[in-house]
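Here's the structure, in structure tokens; my notes come after.
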Amino acid sequence: AQATGPRHLAPFCLGDRLAAMSKMMCMIFALAMAFLAIAVEAQRPAMLAKERAWEEGTGLPLIVTPNIMTGLLVGVVWITLFLTGFCCLFQVQTPQTFEEKCLVPHDAAIQRC
């Protein structure tokens, strides 16, 4: 049985598309697993020399302790909020003077017409 038309003009059949998508998903999954394996292997089991000195009590103390770092980060957040509010507050522009418009009562406007 011969095909009635040229093969290159026929669109891909659904089976070919599913097979290609399946292969692509398998490749993505394999790449993700390889990345995960590399990330797990990259964990260092041994301490660095500076960490070993801290453990033994002979190293220099930390310059920035966790409490100081927390204070610095909270301070940065508060300063950011303050500066945002300050800039927004002073960007509000009001006119130097307000015009006094006398409102015409409804009855007076009707009588003029």
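Predicted, not measured: the structure shown is a model, and the values here were computed from it. Because only heavy atoms are used, hydrogens play no part in the values below, and waters and symmetry mates are left out as well, while side chains stay in.
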Output for pair (Trp78 CH2, Leu83 CG), nearest 0.5 Å, gives 13.0 Å
| task | State yes or no: do Ile79 and Phe86 share one hydrophobic cluster built from I, L, V, M, F, W and Y residues joined by side-chain heavy-atom distances below 4.5 Å, directly or via other members? | result | yes
Determine whether a donor-acceptor pair (N or O, by modelled atom type, separation under 3.5 Å) exists between the side chain of Trp54 and the backbone of Pro61.
no
Quick note, salt bridge (Lys or Arg N to Asp or Glu O under 4.0 Å) partners involving residues 52-75, not counting sequence neighbours, are none
Name every donor-acceptor pair, under 3.5 Å, that has one atom in a side chain of residues 19-41 and the other anywhere in the protein, sequence neighbours excluded.
none

d(Asn67 CG, Leu72 CG) to nearest 0.5 Å is 11.0 Å
More than 12 non-hydrogen atoms from neighbouring residues, nucleotides or ligands closer than 6.0 Å to CE on Met69, yes or no?
-> no
So CG of Leu60 and OG1 of Thr58: to nearest 0.5 Å the spacing works out to 9.0 Å
Heavy-atom nearest pair, Thr80 first then Thr84, reads O-OG1, 2.8 Å
Common cluster, Leu73/Ile68, ILVMFWY with side-chain heavy-atom separation under 4.5 Å: yes
